[in-house]
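Heads up, the thing below is written out as C-alpha cells.
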Protein chains: 2
Amino acid sequence: MTEQNIAAMMDGLGRAARDAARTLARTSGEERNAALAAAAAALRRSSDSILAANERDLASARERGLAAAMLDRLALDPARLAGIAAGLEAIVELPDPLGRVLAEWTRPNGLRIQRVSVPLGVIGMVFESRPNVTADAAGLCLKSGNAVILRGGSESFESSRAIHAAIAGALEACGLPGAAVQLVPTRDRAAVGHLLAMREWIDVVVPRGGKSLIRRVQEDARVPVIGHLEGICHVYLHASADPDMAKAIVLNAKMRRTGICGAAETLLVDREAVERLVPGIVAALVEAGCEVRGDETIRSAADRVVSATEADWSTEYLDAIISARAVDGVEDAIEHIRRHGSGHTESIVADDAAAAEAFLAGVDSAIVLHNASTQFADGGEFGMGAEIGIATGRIHARGPVGAEQLTSYKYVVRGAGQLRP
Amino acid sequence: MTEQNIAAMMDGLGRAARDAARTLARTSGEERNAALAAAAAALRRSSDSILAANERDLASARERGLAAAMLDRLALDPARLAGIAAGLEAIVELPDPLGRVLAEWTRPNGLRIQRVSVPLGVIGMVFESRPNVTADAAGLCLKSGNAVILRGGSESFESSRAIHAAIAGALEACGLPGAAVQLVPTRDRAAVGHLLAMREWIDVVVPRGGKSLIRRVQEDARVPVIGHLEGICHVYLHASADPDMAKAIVLNAKMRRTGICGAAETLLVDREAVERLVPGIVAALVEAGCEVRGDETIRSAADRVVSATEADWSTEYLDAIISARAVDGVEDAIEHIRRHGSGHTESIVADDAAAAEAFLAGVDSAIVLHNASTQFADGGEFGMGAEIGIATGRIHARGPVGAEQLTSYKYVVRGAGQLRP
C-alpha cells in the first residue's frame with residue numbers, strides 16, 4: 001500500500017470506530033455481555049480456521065528462524081484457544097463498569113450532582129506476538145463500552161485476523177457494530193504511526209510488548225498512552241524479616257516466572273541482616289538456576305555470587321538473573337528504588353509494622369506490597385478479572401488496567417430551575 | 001536568552017520541581033494547609049509590591065493599546081488581591097485529597113488491597129493574562145501535594161512574579177521547598193515549547209486561556225494535557241418545558257456572563273414548542289442586549305432574529321450572541337450537539353422526566369444538566385472549592401478539575417507471606 005492509502009485506510013478505521021463507540025455507549029450491560037458470550041462461542045466454532053491460520057504464522061516464523069520462546073508465545077492449540085474463549089466468558093461475569101455512580105452530592109441550592117462512569121471512547125491497542133491479546137483486549141474494551149482498533153505483531157497476523165473475524169462476526173450477529181472491534185488489516189508498520197497520531201479518532205493507546213515497542217509508542221504518540229516501559233521490581237528485606245518468609249518470597253518473586261513484568265529484578269537487604277538472610281537465599285536461588293549479581297557485601301556473605309556492575313541496578317533481566325545489594329535501612333531502600341526503579345511494583349518483607357508502613361508510604365510505585373510476592377502484580381490476581389496491561393504513568397490509571405480503568409465519567413446534574421447568581 | 005540557555009533553564013526548573021514534588025508527597029495535610037495559610041498572609045503583607053508590579057504591567061499594556069476587557073482582566077486592586085488571598089484560605093478548608101482510600105478489598109488468599117490517592121507529581125500550568133491564576137493554581141497544586149511550574153501570559157509577567165515571590169517565600173518559611181511553586185522567569189515564548197516537551201519532569205500540563213493558546217498546547221505537548229479547547233454549550237428546550245423556567249434558564253445561561261466557557265452559545269427548541277416558547281424568550285434576550293441568530297423556524301416565530309449561517313452552530317461567541325434552531329425531539333437535539341458541540345456542558349429544560357433522562361444519558365459531554373443553567377459549569381459551583389480548569393478530554397479528569405482531580409493513586413497490598421501459585 002502507498003503511504004497515502006494507509007493514511008486513508010487508518011482514517012476510515014478511526015471514523016468507523018468512533019461511530020461504533022457511540023452506539024456501544026448506549027448499549028446495556030446485558031447486550032454487551034450477550035455479545036461477549038457470542039464471541040466466545042464463535043471462537044470455539046471457528047477453532048479449525050483459527051488453528052490453521054496460526055499454523056501459517058508458525059510456519060513463516062520458523063522459516064525466519066524465530067527463537068523458541070517467541071514460537072511458544074505465538075503458538076495456539078485447542079487447549080489455549082479454549083482458554084481464550086473461557087477468558088471472554090470470565091469477562092461476562094465482571095460487574096458492569098458503566099453507569100456506576102462514582103460520587104453524588106447535593107448542593108445548598110438543591111442541585112443534585114452525580115459523577116457517573118462512561119466509556120473512554122476508542123482505544124488503540126498496539127501489541128506484539130501473542131494472538132490471545134486480540135481476544136482479551138477486544139473483550140475488555142467491549143465490556144467497558146469502548147470501540148477498539150487492534151494492531152498486533154506481524155508474526156501473529158494470520159492468527160489475529162482469524163480471531164478477529166470470529167469476534168466481529170459474533171458482534172454483528174448480536175446487532176452490535178462489527179466496527180466495535182477492528183484489526184488493522186496490513187502488516188505495514190506505517191499504519192502504527194497513523195494510529196498513534198489520530199487524535200480525532202483515538203482517545204487512548206495501550207501498548208503491550210517489549211521495550212522497543214513501548215518506547216516507540218511513547219515517543220511517537222500524539223494521543224494519551226497508558227502502559228509501562230519496564231518492570232524493574234524490587235524485593236527489600238528489612239532487618240526484621242522472617243528468614244523463611246524472606247526466602248520464599250524472593251524465590252517466588254524472581255523465579256515463578258522470570259519473563260513477566262512483575263518478576264523481581266533486584267534484591268535489597270538491610271546491611272545488618274545480610275549475614276542472617278543472604279546465605280540461605282542465595283543458595284536457594286542458585287539451586288533454582290538463578291544467577292545472582294551482588295555488591296561487595298552480598299558477595300562476602302555468600303558463595304557463587306557474581307560481581308554486579310552499576311548497570312545491573314537499572315536492568316530488567318526478564319530472565320533467571322537477580323541483582324542484590326545491601327542497604328542501610330528503609331530510607332536507603334526507598335532511595336535506591338527511586339533512583340533505579342521503574343515505578344512498577346516493589347515489596348518489603350518485614351515483621352516490623354512501622355518499617356513496612358514507611359516503605360509502603362515512601363515508595364512511589366504503582367503497586368507496593370508488604371510480605372507478599374511482586375508476582376501478584378496482575379489484574380487477575382487483584383481480582384479485576386482480566387487486564388489489558390499495567391500502567392506506570394500517573395495519569396488516569398495506575399497499576400493493572402481492567403474494564404473499570406477503561407472508563408471515563410461525566411457529571412449528571414439534576415435541578416428544578418436553578419439559576420447561577 | 002539563547003535557545004540553549006532557555007533549554008538549560010527549563011530543564012533546571014523541571015529537575016527542581018521533581019525534587020520538590022518528592023518532598024511534598026511526604027508532607028502531611030496539616031503542613032500543606034499551614035503553607036497555604038502562610039502564602040495567603042504573605043500575599044496580604046506584600047500587597048504594596050504586588051500592586052506596584054501590577055501597575056507596571058498595566059502601564060505597558062496601555063502603551064501597547066490592549067483592549068479594555070484585557071486591561072480589566074489584568075488589573076489588580078486591594079479588593080481583588082484580598083480575594084486572591086481569601087481564595088487560598090478557602091483551599092485550606094477543603095478535605096485533604098491525599099491518602100484517601102478510594103477502594104479496598106481482600107482477596108481469597110488473604111491479600112488486603114487498597115487503592116490510595118497520591119499526588120500526580122509535577123503540573124505544568126500555562127495560562128494567559130489573569131494574574132490571579134498564579135495564586136489559584138499554586139494553591140490547588142500545593143493542596144494536592146503537586147509541584148507546579150507556572151507560565152503566565154507576558155502581559156501579567158510582573159504581577160505574576162510578585163505574587164509568586166510572596167508564595168515561594170511563604171513556602172520556604174514553612175520549611176517546604178520553594179521550588180514546589182516555580183514561575184518561568186522569562187517572557188520568551190520558546191520556554192513554553194520546552195515545558196510542553198519535558199516528559200521526564202512534567203506529568204501533566206493544564207492550559208487555561210483562549211483558543212489559540214489551548215490549540216498550541218494540545219498540538220505541541222509531548223506530555224498529557226488536561227483542559228478544554230472551547231465551550232460551545234447548548235440549552236435544549238423540550239416540548240414539555242415550563243415556559244417561565246425555560247426563559248429564566250436561557251437568559252441566565254447566555255447573559256449572566258457571556259465570556260465564560262459555560263455560557264450557552266446555542267438554543268435548541270422542540271419544533272412543536274417553538275410558537276409557545278420562542279417569542280417570549282427572544283424578546284427577553286433582545287431586551288437584555290443579546291443578538292439572536294435563528295434558523296427559518298425561529299425567525300418565523302419571533303421578530304428581531306438575524307439569519308443564522310451554518311458556521312453559527314459551531315461558533316463559541318463568548319459574547320452577547322446566541323444561535324437558535326428548531327429540532328425534532330430529544331434524539332435530534334442529541335445529534336445536533338454531537339455534530340456541533342465541544343463536549344463541555346449542555347442542559348435540557350423539560351417537565352417530562354423520561355425525556356430528561358434520555359438527554360442526560362445520550363449527550364456525551366463532561367457536564368449534562370436538567371432544569372438548570374449551563375453557567376453552573378464551575379468547580380466552585382460544584383462544591384469543589386476551586387478549580388484549575390475544566391476538562392473536556394476523556395482521560396483522567398472530565399469537567400471541573402479541582403484538588404481531588406490533581407491526584408493519582410497507588411495500590412497498597414498487605415500480606416502475610418503470600419506467594420503466587
Side-chain angles (χ1 to χ4, degrees), chain A residues 22 25-26 105 107 111 113 115 118 120-121 199 203-204 218-219 222 224 226 242 244-245 248-249 251-252 256 338 349 356 360-362 364-373 375-376 378 381-383 393-396 398-400 408-421, chain B residues 22 25-26 105 107 111 113 115 118 120-121 199 203-204 218-219 222 224 226 242 244-245 248-249 251-252 256 338 349 356 360-362 364-373 375-376 378 381-383 393-396 398-400 408-421:
Chain A
R22 279 202 197 95
R26 300 182 77 173
W105 63 95
R107 297 289 302 149
L111 284 180
I113 300 181
R115 191 188 294 154
V118 298
L120 275 176
R199 289 189 15 219
D203 294 295
V204 62
Q218 288 183 340
E219 278 170 10
R222 311 304 313 221
I226 293 177
D242 173 81
D244 291 338
M245 187 192 288
I249 285 178
L251 273 158
N252 187 265
R256 176 187 158 271
R338 182 184 79 66
V349 184
L360 297 175
D364 182 26
S365 294
I367 303 172
V368 286
L369 306 107
H370 175 213
N371 287 350
S373 169
Q375 299 232 357
F376 284 113
D378 174 90
E381 292 298 319
F382 269 52
R394 310 186 69 87
I395 293 294
H396 189 75
R398 219 171 164 218
S408 180
Y409 58 77
K410 70 178 178 189
Y411 287 98
V412 176
V413 184
R414 294 179 176 87
Q418 281 88 343
L419 308 179
R420 184 167 174 191
Chain B
R22 278 201 199 95
R26 301 181 76 173
W105 64 95
R107 297 288 301 150
L111 284 179
I113 300 181
R115 191 189 293 153
V118 298
L120 274 177
R199 290 190 13 216
D203 294 296
V204 62
Q218 289 182 340
E219 277 169 11
R222 309 305 311 223
I226 292 177
D242 172 81
D244 292 337
M245 187 192 290
I249 286 178
L251 272 159
N252 186 266
R256 174 186 160 274
R338 182 183 79 67
V349 185
L360 296 175
D364 183 25
S365 294
I367 303 171
V368 287
L369 307 107
H370 174 213
N371 287 349
S373 168
Q375 299 231 357
F376 283 112
D378 174 90
E381 292 298 320
F382 269 53
R394 311 186 67 88
I395 292 295
H396 189 75
R398 218 171 164 217
S408 181
Y409 58 78
K410 70 178 178 188
Y411 287 98
V412 176
V413 183
R414 292 179 177 87
Q418 283 86 345
L419 308 178
R420 184 165 173 194

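Quantities reported herein were computed from a predicted structural model and do not represent experimental measurements. A, B, ... follow the sequence lines: proteins, then strands. Residue 1 opens every chain.
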Checklist entry - Where does Leu419(B) contact chain A at under 4.5 Å (heavy atoms): side chain, backbone, both or neither? => result both
Next on the checklist: Could you work out, with side-chain hydrogen bond (donor to acceptor under 3.5 Å, both in side chains) as the rule, every residue matching Gln418(B), not counting sequence neighbours?
Outcome noted: none
Item to check | Under 4.5 Å from a heavy atom of chain A, the part of Arg414(B) involved | outcome: both
Checklist outcome for this item: Applying ring-ring contact (aromatic ring centres under 6.0 Å, His included) to Tyr411(A) and not counting sequence neighbours gives Tyr409(A), Phe382(B)
Item to check | chain A contact via Leu120(B) - which portion, at a heavy-atom distance below 4.5 Å | outcome: both
Next on the checklist: Show the nearest heavy-atom pair for residues Arg398(A) and Lys410(B), with the distance to one decimal.
Outcome noted: NH1-CB, 3.4 Å
Checklist entry - Can you name the nearest heavy-atom pair linking Ile249(A) to Gly417(B), along with the distance? => result CD1-CA, 4.0 Å
Checklist outcome for this item: If you tally heavy-atom pairs under 4.5 Å between each of Arg115(B), Arg199(B), Met245(B) and chain A, the highest tally belongs to Arg199(B)
Next on the checklist: I need the residue from Ala366(A), Ala372(A), Pro224(A) with the largest number of non-hydrogen atom pairs under 4.5 Å to chain B.
Outcome noted: Ala366(A)
Checklist entry - Is the backbone N or O of Arg338(B) less than 3.5 Å from a side-chain atom of Arg22(A), with the two atoms forming a donor-acceptor pair by type? => result no
Item to check | Student check: side-chain heavy atoms of Arg394(B) and Val118(A) closer than 4.5 Å | outcome: yes
Item to check | Check: Asp378(A) and Arg420(B) side chains under 4.5 Å, non-hydrogen atoms | outcome: yes
Checklist entry - Given that the side chain runs from C-beta out, which part of Asn252(B) has a heavy atom under 4.5 Å from chain A: side chain, backbone, both or neither? => result side chain
Next on the checklist: Which one wins on heavy-atom pair count under 4.5 Å against chain B: Gly399(A), Ala361(A), Gly393(A), Gly383(A)?
Outcome noted: Gly383(A)
Checklist entry - Quick one: are Val413(B) and Phe376(A) in side-chain contact, heavy atoms under 4.5 Å? => result no
Checklist entry - Do you know which of Gln375(A), Arg256(A), His370(A) has the most heavy-atom pairs under 4.5 Å to chain B? => result Arg256(A)
Checklist entry - Measuring heavy-atom distances to chain A, does Ala248(B) have an atom under 4.5 Å in its side chain, in its backbone, in both, or in neither? => result both
Checklist outcome for this item: Ranking Ile395(A), Val349(A), Ile367(A) by heavy-atom pairs under 4.5 Å to chain B gives rank one to Ile395(A)
